[in-house]
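Since the structure is predicted, the reported quantities are computational estimates derived from the model, not experimental observations.
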Amino acid sequence: MNNITWVRWKQPLFIFIAGIVLIIASSEMLSFYLFKHEVKRRLDNLHYFYQDRYLSIGGEIEQLADAVSFTCNKNDIALMRKHIEESPAIQLIELHTKDGMCSIYGNNSELVKKLPNQTTINDNKFAIESYLHNRLKITINDERGMFIVITEPFEQVFLRSELCKDCYAVELHVEDQFLPLFEKEKNETYFFIASQQFTKRIFLNVYSTKLGITSLIKADVIFVQAILCIILLLICLLLGLLKGQNSTLKELIYLGLKNKEFIPFYQPIIDSSSKQVVGCEILVRWIKKNGEIISPNLFIPIAEYNGQIFELTYDLLNQVSADIGKLALKHPDFYVSLNVVPEQLEDDNFAENVFKILKNHNIEANHIAFEVTERTPFTNLKKAERVINQLKNQKIDIKLDDAGTGYGGFSYLQELPIDTLKIDKMFVETIGTNDVKSKILSSIILFGKNAGLKMIAEGVESQEQVDYLNLKGITLMQGYYYAKPMPFEEFTRYYYGQNVTMYNVTMYKERN
């Protein structure tokens, strides 16, 4: 995996891993939420099924009380049997009077058992207790007697196949009183899950242990987590795919600057008349720690676009200034030329920052030059003129690079204090050909002469090109015919060797 791919997918991968960890860590919370939602849904169903049935018990008993004579005669027993048959909620009725008792099975047939240690909820004239087989025992007092009602079994919120032992509990609550329908196990810890209001005062509360929660909706949790993982994966893939190359390279450039991966390469500028190295242009090379080289055509436009070109230029200027300090200059006007963009020459702080760097390295300003490219246009010529004059006042030369290839370069020469023109390789390589651009080359040279500009030819690669340019009066040249761009150590050897050789040749000619 190369660095661009890694930087592009690093953030989505981190988000995906963090998301997976979060999904796993939230299993308990998700289980509780899903369980609560399921219990609430079931309570709503119970409420719909039971509310009218249980609320009708009071009214049914009141109707029965108005009809019976409270003597437990045959008519009273018949009326009770009729209510049982018609009631959807009552399973058994006993009538207790001052003289005795009766039920639907006849006189003195007491069927309702008295259970020990029962909790009772009192609600006005009603007393409610839990009874065998998940039923309720409701005692209704009247001036003439007392009715004891046993309700139909109260359905469990959960199916039998879903139940685990002692996992769930259900209670009726009336204000601060409660009545267990499905009792809690003393040794278990229960969590309140949900509540459903049945009357103004009576609520049905459901409780569960952790095991109860996980055992009921385990499959649902796995399904939801799988869906969340798929959604997370799609989001991360989308982030990676939408993360453009510009954004990826911006991060890489930041890391490259931090790790000192941008290395200045020096390409000599030769005076063809004396064969001496009079200067050089800095061509940046991005060399990763693993040896990978990223093309300038790939990262320079991105750095220009997002403003990192400032930091990149200052970084190169620091390195170049340190290198020049090691070089024993044989030519008093030797210079190192760095590329800048119009935006930098329109920045009020640019000149000051340049001067600070040169001062830190004790480098004379005339050994530095800047070449402004035409790839992007100037937007504020007055500000650019002010910044260029600040640089020129300190003897820093400004050159127009790639002349004729971009935005209105020749008009800039008229409006800005630029006195050096660099002829682009695309025009130089037309020398000796029938290419239409060869006429443009002639026009550029003619313009430069008439404007009194110093001219440097770039991309010189043959003797024919050297001869043609010399014939046109252009002696400053740069290109592979003389030397390729090279690291400082290699440039040092070239510089000393080239100048010594030329010096020796000059002395030999003078002697003869």
Query raised in the report: Looking only at side chains, do Ser103 and Ser109 share a donor and an acceptor under 3.5 Å apart?
Result: yes
Query raised in the report: Between the side chains of Glu94 and His96, is a donor N or O closer than 3.5 angstrom to an acceptor N or O?
Result: yes
Measure from the side-chain N and O atoms of [X] to the backbone N and O of [Y], and report whether any donor-acceptor pair falls under 3.5 Å.
| X | Y | value |
| --- | --- | --- |
| Asp142 | Arg144 | yes |
| Ser26 | Ile23 | yes |
| Glu129 | Leu136 | no |
| Arg81 | Ile104 | yes |
| Glu346 | Lys383 | no |

Just wondering, are more than 12 heavy atoms of other shown residues or ligands nearer than 6.0 Å to [atom1] in [X]?
| X | atom1 | value |
| --- | --- | --- |
| Glu311 | CD | no |
| Tyr105 | OH | no |
| Phe14 | CZ | no |
| Lys184 | NZ | yes |
| Glu28 | CD | no |
| Lys289 | NZ | yes |

State the [atom1]-[atom2] distance between [X] and [Y], to the nearest 0.5 angstrom.
| X | Y | atom1 | atom2 | result |
| --- | --- | --- | --- | --- |
| Glu171 | Asn205 | CD | CG | 7.0 Å |
| Ser321 | Leu338 | OG | CG | 8.0 Å |
| Asn339 | Phe370 | CG | CZ | 10.5 Å |

One thing to verify: whether [Y] and [X] come together as a salt bridge, which I'm taking to mean a side-chain N less than 4.0 angstrom from a carboxylate O.
| X | Y | answer |
| --- | --- | --- |
| Asp348 | Arg386 | yes |
| Glu385 | Lys382 | no |
| Lys425 | Glu458 | no |

Output a table of donor-acceptor pairs, distance under 3.5 Å, between side-chain atoms of residues 63-71 and any protein atom two or more places apart or on a different chain; print 'none' if there are none.
residue : atom : partner : partner atom : Å
Ser69   : OG   : Thr71   : OG1          : 2.6
Ser69   : OG   : Asn73   : ND2          : 3.2
Ser69   : OG   : Asp76   : OD1          : 3.3
Ser69   : OG   : Asp76   : OD2          : 3.0
Thr71   : OG1  : Asn73   : ND2          : 3.1

Query raised in the report: Using the ring of each side chain (for Trp, its six-membered ring), is His173 parallel, tilted or perpendicular to Tyr207, with breaks at 30° and 60°?
Result: tilted
Query raised in the report: Do the ring planes of Phe491 and Tyr266 sit parallel (below 30°), tilted (30 to 60°) or perpendicular (above 60°)?
Result: parallel
Work out which heavy atom in [X] is nearest to a heavy atom in [Y]; give both atom names and the distance.
| X | Y | result |
| --- | --- | --- |
| Lys137 | Val112 | CE-CG1, 4.0 Å |
| Pro153 | His133 | CB-O, 3.6 Å |
| Gln225 | Ile24 | NE2-CA, 4.3 Å |
| Ala365 | Ile396 | O-CG1, 3.4 Å |
| Ser195 | Lys40 | O-NZ, 3.0 Å |
| Cys72 | Met101 | SG-C, 3.6 Å |

Query - Side-chain heavy-atom pair Leu312, Ile253 within 4.5 angstrom cut-off - result: no
Report task. Determine the sole option in Thr373, Val372, Ile300 for which the side chain to side chain contact (heavy atoms under 4.5 Å, CB included) test with Val341 is passed. Result -> Thr373
Requested in this report: Determine, stepwise, if the pair Phe299 / Phe262 fulfils ring-ring contact (aromatic ring centres under 6.0 Å, His included).
Outcome: CA-CA 11 Å; Phe299 68 84; Phe262 293 96; 5.4 Å; yes
